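What follows is one structure encoded as structure tokens, with my remarks underneath.
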There are 2 protein chains.
Amino acid sequence: MIINETQTTKHKQTTRKRLIEATARLFAQHGYNGLTMRSVAEEARANIAAANYHFGSKDAMVLEMLRERVQPINHRRLELLNQARNHNSVKHLSTYEIFHSLIFPLGEEIAKNAKSRCSLAQLIARTFTEPVQFIEKMHHQFFSQIADTYYRELALSHPGIPSKEIYWHLHLAVSSMLGALAQHRRLYDFTQGNCEENEVFPLIERLIHFVTHGFEQGINHKFDQ
Amino acid sequence: MIINETQTTKHKQTTRKRLIEATARLFAQHGYNGLTMRSVAEEARANIAAANYHFGSKDAMVLEMLRERVQPINHRRLELLNQARNHNSVKHLSTYEIFHSLIFPLGEEIAKNAKSRCSLAQLIARTFTEPVQFIEKMHHQFFSQIADTYYRELALSHPGIPSKEIYWHLHLAVSSMLGALAQHRRLYDFTQGNCEENEVFPLIERLIHFVTHGFEQGINHKFDQ
DNA sequence: AGTTTTTTCAAACAAACGTTTTAATCAATA
DNA sequence: TATTGATTAAAACGTTTGTTTGAAAAAACT
């Protein structure tokens with residue numbers, strides 16, 4: 001199988017691309033165990049065997065889908081982080097700038113097209129709730145490195161704060177981010193109509209603000225233990 | 001089937017109780033679709049048919065398990081909320097008091113016994129990520145009422161704040177709470193050993209503090225939209 | 001054009017799923 | 001002790017699961 005930009009391979013990739021998109025949609029909605037090869041094939045208007053032909057197995061298919069969705073976001077994060085570092089004359093970045101670079105790319109990707117809005121938010125949230133083994137591996141593969149980057153950046157910006165407190169509150173910030181994404185779909189029901197569910201960026205903006213102040217107030221507070 | 005406190009019914013309930021506990025453990029670990037009747041029966045050292053005998057179906061069994069775990073927590077929440085209302089001479093409660101009554105009961109239940117620690121945290125988080133229909137119903141049944149209670153309490157404590165902002169930031173606070181619970185198990189890996197994973201109450205305390213300040217700073221901030 | 005490679009498809013595979021059936025076991029009362 | 005009702009157990013039910021097969025179709029290349 002040759003992968004290039006000829007017209008033929010483009011056409012070859014359409015079913016593959018449809019399968020990936022169907023996988024993303026169904027994985028976000030039903031999780032790994034709730035996703036079946038038949039449901040993916042039906043959603044993608046393709047044959048069941050085609051899915052196994054292109055990816056080899058269910059595991060590999062879902063993993064490939066996750067890789068394609070997550071990596072651009074992580075690249076954008078580091079891009080924004082470096083942008084903030086360069087455009088800043090001060091020694092260290094503000095907490096807001098750091099969390100902005102972490103969270104904003106998610107908003108960009110969610111808002112990129114209407115179809116994937118709720119899908120991507122749920123999808124990313126699921127990668128942290130699904131306990132399946134390959135997802136844990138994927139988690140270590142894709143997120144452990146970036147988590148370390150952000151820990152170091154925060155530690156640099158908050159000298160004198162015990163590393164344990166940095167860890168705790170970065171953990172809380174990331175948890176808030178993922179929780180908010182996972183719950184985004186439910187916001188409309190929850191408020192009984194008081195919030196429009198498709199307002200992505202206002203939510204993202206409030207989320208960044210929320211975790212920034214939770215983090216800053218948290219690490220400066222004297223806890224009993 | 002007679003349910004009372006005779007010795008016989010006690011013995012009758014042991015397998016039923018073992019099934020409920022196994023259901024909780026496996027549901028927390030693998031979600032609804034990842035939980036199988038056979039795995040529950042095996043974990044509970046019981047027969048597959050016994051599960052269907054006691055509960056009728058997989059749906060009913062999981063639902064009953066959730067009911068037994070969630071309701072005590074909600075009762076405790078309202079208890080703490082009323083306690084704060086009575087012991088307080090001021091007109092309205094502080095944001096901290098409100099979120100304390102919302103979150104602290106979770107910590108109590110999680111810390112109640114070592115076995116259910118991670119289990120309960122994940123379990124509750126799953127009830128908000130699993131999209132299965134009966135869980136959504138259960139969500140409306142168990143949580144919509146208490147969500148409304150907390151919205152009204154927060155609105156009462158923050159006069160002049162648009163109800164939309166109250167909704168947004170209560171949503172963020174609840175999302176943070178659930179996200180933190182869902183991620184609690186992963187904290188140890190995440191920090192590569194810098195945080196002891198079994199410190200429940202320190203995390204809970206920081207979580208309450210985190211969402212309190214995120215909420216208060218959030219609703220008082222002027223957002224573009 | 002003919003040939004080769006890549007991709008699709010319907011059908012079938014064994015395994016695992018939730019559930020039901022039927023009989024055996026248990027505890028308790030008469 | 002005999003009998004009754006509640007509980008457990010083994011086996012089988014019909015579906016659905018992920019995966020494989022082998023032939024047909026499509027595309028690419030010489």
Side-chain angles (χ1 to χ4, degrees), chain A residues 1-27 29-66 130 132-135, chain B residues 1-27 29-66 130 132-135:
Chain A
M1 184 174 64
I2 304 153
I3 296 180
N4 52 21
E5 289 302 309
T6 66
Q7 202 177 13
T8 51
T9 44
K10 257 189 189 173
H11 203 273
K12 279 178 193 172
Q13 280 186 332
T14 44
T15 46
R16 191 195 139 99
K17 193 172 269 181
R18 284 206 314 278
L19 284 168
I20 288 280
E21 281 177 12
T23 302
R25 207 156 30 236
L26 292 170
F27 177 80
Q29 280 176 19
H30 304 109
Y32 180 80
N33 286 306
L35 171 151
T36 71
M37 299 296 276
R38 283 171 174 83
S39 66
V40 170
E42 190 183 5
E43 180 105 349
R45 301 184 311 281
N47 196 279
I48 319 163
N52 273 289
Y53 169 76
H54 280 287
F55 305 102
S57 69
K58 178 184 174 181
D59 278 30
M61 184 173 68
V62 178
L63 213 59
E64 173 62 20
M65 178 275 294
L66 289 172
E130 293 282 323
V132 200
Q133 214 170 11
F134 84 90
I135 287 190
Chain B
M1 183 174 64
I2 304 154
I3 297 178
N4 51 22
E5 289 302 308
T6 65
Q7 202 178 13
T8 51
T9 45
K10 258 190 187 172
H11 203 272
K12 279 176 193 173
Q13 279 186 332
T14 46
T15 46
R16 191 194 139 98
K17 193 172 270 180
R18 283 207 313 278
L19 284 168
I20 288 280
E21 281 177 11
T23 302
R25 207 155 31 234
L26 292 171
F27 177 81
Q29 281 177 18
H30 303 110
Y32 180 80
N33 286 307
L35 171 151
T36 71
M37 299 296 276
R38 284 172 173 83
S39 66
V40 171
E42 190 182 5
E43 179 106 348
R45 302 185 309 282
N47 195 279
I48 319 163
N52 273 286
Y53 170 77
H54 280 289
F55 305 103
S57 70
K58 178 184 176 181
D59 278 29
M61 183 172 71
V62 178
L63 213 58
E64 171 63 19
M65 178 275 294
L66 289 172
E130 292 284 323
V132 200
Q133 214 170 12
F134 83 91
I135 287 190

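In the text below, chain A, chain B and the rest are named by the order of the sequence lines, each starting its count at 1. Predicted model only: the values in this text are computed from it and were never measured. Both backbone and side-chain heavy atoms feed into the values below; hydrogens, waters and symmetry mates do not.
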Rounded off to whole Å, could you give me the [atom1]-to-[atom2] distance for the [X] and [N] pair?
X	N	atom1	atom2	answer
B/Phe55	C/dT19	CZ	P	13 Å
B/His30	C/dC17	NE2	P	12 Å
A/Ile48	D/dT20	CD1	P	13 Å
A/Leu19	D/dG18	CG	C1'	15 Å
B/Met61	C/dC17	CE	P	13 Å
A/Arg45	C/dA10	CZ	C1'	19 Å
B/Asn33	C/dG18	CG	P	9 Å
A/Arg38	D/dT15	CZ	P	14 Å

Of the options [options], whose atoms approach the side-chain atoms of [X] most closely?
X	options	answer
B/Lys58	D/dT8, C/dT19, D/dT19	C/dT19
B/Thr36	D/dT20, C/dG18, D/dT8	C/dG18
A/Asn52	D/dT19, D/dT8, C/dG18	D/dT19
B/Ala49	C/dT8, D/dA10, D/dT19	D/dA10
A/His54	D/dG18, C/dT7, D/dT7	C/dT7
B/Asn47	D/dA10, D/dA6, C/dT7	D/dA10

Output yes when a side-chain donor or acceptor of B/Lys58 lies under 3.5 Å from a complementary backbone atom of B/Ala51, and no otherwise. no
Does a nitrogen or oxygen in the side chain of B/Ser57 sit under 4.0 Å from OP1 or OP2 of C/dG18? no
As an exercise, state the distance from CZ of B/Phe55 to CD1 of B/Ile20, rounded to the nearest 0.5 Å. 3.5 Å
Which distance, rounded to the nearest 0.5 Å, do you find between the CG of A/Leu19 and the CD of A/Glu64? 12.0 Å
Compare all side-chain heavy atoms of B/Glu21 with those of B/Lys17 and state whether any distance is below 4.5 angstrom. yes
Return whichever of B/Ala46 or A/Gly56 has its heavy-atom-nearest nucleotide of DNA chain D closer to the 5' end. B/Ala46
For the salt bridge (charged side-chain N to carboxylate O under 4.0 Å, His left out) test, which of A/Arg38, A/Arg18, A/Arg25 pairs with A/Glu43? A/Arg25
